Amino acid sequence: MSMTESSPYGAKAYWRATAGDRPVFEPKRRGAQYDVAIIGAGFHGLWTAYHLLKEEPSLAIALIDQQHVGFGATGRNGGFASTKVGMRVEDLERKYGGPATHDVLRAMARQIDDLVATIRAEEIDAEVDYGGLLIVATNKSQQKRLTREFRAIERIGLETMSLLSVEDVRARVDSPTYLGGIHDPHCAVLHPLKLARGLAKVCAGRGLDIYEDMRVDRVVATSDGMLVNSGATQLRARKVVATLNAWAGEFRPAFRRTVLPVYTYILMTEPLSDAQWQTLGWSGREGIEDSRLHLHFYRRTRDGRILWGGSDNRVPFLGRIGKRHDANEWSFQRLTSTFRSTFPTLAGVKFEYRWGGAFAVTPDFLPHYGIAEAGHLIYGHGCCGHGVGLSYLGGQIMRDLIQERRSETERLLFMRPDHGAFPPEPLRSIGGSLTLQESRWFDDAQAKGISPAQEPLLLRLAPKWFA
Ligand SMILES: Cc1cc2nc3c(=O)[nH]c(=O)nc-3n(C[C@H](O)[C@H](O)[C@H](O)COP(=O)(O)OP(=O)(O)OC[C@H]3O[C@@H](n4cnc5c(N)ncnc54)[C@H](O)[C@@H]3O)c2cc1C
């Protein structure tokens with residue numbers, strides 16, 4: 001049994017159990033010179049390959065993964081493709097101003113439309129349901145935060161989003177905890193691993209060479225391009241793209257100052273009966289999240305289950321990623337208890353799958369795209385838990401960087417040169433962990449009706465220290 005199969009993720013992850021047999025990819029140009037080598041076969045790597053091949057079908061591209069397509073966050077996430085970019089609208093507006101916030105969120109809304117249209121046009125069976133996002137408030141403090149958020153949405157002119165009363169929200173999904181909400185029509189829920197594998201097959205059919213079980217140790221610049229080293233195997237490429245997300249700092253130490261690996265966890269219920277669905281009145285296909293700082297996210301699946309995740313994020317010591325973190329009993333218990341209080345009519349429902357995974361957080365809570373190593377290395381990472389939608393845009397940004405051409409994506413916030421920096425280890429992981437613990441404590445206090453006057457201290461100070 002391989003390392004992957006013996007991990008808790010492999011044994012208990014719903015997406016993997018329902019994605020069918022893992023496809024086998026055979027690189028056709030094995031050993032040849034490539035135009036582009038992409039390291040990391042998650043959504044960022046896959047969409048970069050897709051957008052490049054769409055424009056220039058003759059390009060020779062290699063996509064390499066240490067494990068397999070969708071092994072990282074891509075094959076483990078909640079499957080929400082939303083317009084979110086890592087910060088609340090209110091915080092984006094305060095930090096970058098209304099026009100920049102408007103541009104980025106309008107661009108994201110268009111991207112979600114395009115993403116859904118592309119999946120359909122390519123006939124990828126990714127179980128896409130385009131039902132929007134419902135952001136709910138479940139206590140008085142969250143309600144205040146939600147109202148402030150909607151005022152910011154109104155100020156910057158995102159007219160497609162609407163504020164919902166408690167009656168409106170409970171007419172969509174009936175939980176006694178709901179006090180009101182915001183609806184954003186631009187969100188789809190999907191089966192992320194089916195999407196990743198489907199996209200890989202589409203790209204392989206257009207000539208992409210996919211190398212699995214190939215961990216890249218080093219990339220070296222030579223007189224005629226880059227040498228990609230993996231043990232005894234070497235590939236040559238004109239340009240290299242690193243889309244390693246939580247692993248970015250393991251690959252290139254300089255990225256440790258701008259990427260922090262953070263784990264989060266998910267439960268999946270057994271299929272609910274029609275009678276159980278009726279108690280919730282939940283007939284739409286919207287994704288739902290609450291307004292905690294460590295938010296819960298949840299949604300239906302095509303086979304009638306509820307995916308329930310979030311509310312607790314963990315920073316591994318020294319940022320070390322490993323299968324021991326793929327399950328966390330404390331987080332699973334906590335998720336069980338919040339599920340039961342949100343949906344008391346589902347008291348007897350069992351959880352059949354549970355798993356976790358690492359995503360990447362940046363100092364400014366925005367994804368980073370850029371160029372390093374004298375123009376030979378292009379990178380993209382750090383979607384702070386929102387990469388399902390963002391990576392579709394990220395793939396286009398990286399395509400443009402590879403082709404050295406200017407485009408309208410340059411104006412978006414992700415291309416700023418001053419993204420800030422985390423302190424060196426062990427301060428990066430200790431500071432990150434304390435910041436998350438304080439904000440979790442803050443969320444829990446608010447749930448008990450205690451409402452501290454200000455947002456958590458460390459969270460308020462973090463942008464000043466890092467960015
Ligand atoms: C539990 C969970 C729930 C989430 N829910 C959502 C959600 O609902 N909506 C949303 O938008 N986002 C969500 N996210 C975040 C989202 O999954 C990520 O932002 C997105 O998948 C990132 O894709 P990526 O390609 O950048 O990285 P990844 O998918 O992590 O891919 C990186 C790849 O690099 C490979 N790799 C690493 N090192 C090497 C090496 N040295 N050599 C070769 N290969 C290497 C890894 O094996 C991995 O496959 C969630 C994340 C998690 C963990």
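All values below were derived from every heavy atom in this structure, side-chain atoms included, with hydrogens, water molecules and symmetry-related copies excluded. If you're wondering where the values come from, they're calculated on a predicted model, not measured in any experiment. Start at 1 and go down the list; that is how both ligands and their atoms are numbered.
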Can you tell me how the ring of [X] sits relative to the ring of [Y], calling it parallel under 30°, perpendicular over 60° and tilted otherwise?
X      : Y      : result
Trp308 : Tyr298 : tilted
His419 : His368 : parallel
Tyr369 : Phe414 : perpendicular

Starting from [atom], locate the nearest protein heavy atom and write down its residue, its atom name and how far away it is, to 0.1 Å.
atom                    : result
atom 44 (N) of ligand 1 : Gln66 N, 2.9 Å
atom 8 (O) of ligand 1  : Phe80 N, 3.1 Å
atom 31 (O) of ligand 1 : Gly42 CA, 3.7 Å
atom 1 (C) of ligand 1  : Thr264 CG2, 3.4 Å
atom 32 (C) of ligand 1 : Thr243 O, 3.5 Å
atom 47 (O) of ligand 1 : Asp65 OD1, 2.7 Å
atom 24 (P) of ligand 1 : His44 ND1, 3.8 Å
atom 41 (N) of ligand 1 : Val216 O, 3.0 Å

Please state whether [X] comes within less than 4.0 angstrom of ligand 1, counting heavy atoms only.
X      : value
Met214 : yes
Gly385 : yes
His381 : no
Ser391 : no

Could Arg16 and Phe71 be counted as a cation-pi pair, given that NZ or CZ must be under 6.0 Å from the ring centre and within 45° of the axis?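 Geometry flag: not set, cation outside 6.0 Å or 45°.
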
Would you name the heavy atoms of Gly309 and Leu335 that are closest together and state the gap between them?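 Heavy atoms of Gly309 and Leu335 come nearest at C-CD2, 3.8 Å.
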
Is Arg302 paired with Asp129 through a side-chain N to carboxylate O contact shorter than 4.0 Å?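 Looking at Arg302 together with Asp129, the answer is yes, because their closest N to O distance falls below 4.0 Å.
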
Between [X] and ligand 1, does any nitrogen or oxygen pair lie at a separation below 3.5 Å?
X      : answer
Val388 : yes
Asn77  : yes
Ile266 : no
Phe43  : yes
Ile39  : no

Below 3.5 Å, can you tabulate the donor-acceptor pairs from side chains in residues 192-203 to any protein atom, sequence neighbours excluded?
{"residue": "Lys194", "atom": "NZ", "partner": "Glu127", "partner atom": "OE2", "Å": "2.8"}
{"residue": "Arg197", "atom": "NH1", "partner": "Gly20", "partner atom": "O", "Å": "3.2"}

Please list, in number order, the atoms of ligand 1 under 4.0 Å from a heavy atom of [X].
X      : value
Gly40  : 33 (C), 34 (O), 35 (C)
Gly78  : 3 (C), 4 (C), 5 (N), 6 (C), 7 (C), 8 (O)
Asn245 : 22 (C), 26 (O), 27 (O), 30 (O)
Gly357 : 53 (C)

Value rounded to 0.5 Å, distance of CZ in Arg88 from OG in Ser291: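 That separation rounds to 8.5 Å.
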
Does a donor on one side chain sit under 3.5 Å from an acceptor on the other, for [X] and [Y]?
X      : Y      : answer
Glu122 : Tyr50  : yes
Ser429 : Glu425 : yes
Asp312 : Thr264 : no

To which of Ala73, Ser230, Ala360, Gly387 does the heavy atom nearest atom 19 (O) of ligand 1 belong?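 It is Gly387 whose heavy atom sits nearest to atom 19 (O) of ligand 1.
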
When the aromatic ring centroids of Tyr211 and Phe25 are compared, is their separation below 6.0 Å?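 Here the rings of Phe25 and Tyr211 have centres that are no less than 6.0 Å from each other.
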
So, for Phe359 and Tyr263, is the gap between ring centers shorter than 6.0 Å?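 Distance test on ring centres: not under 6.0 Å, no.
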
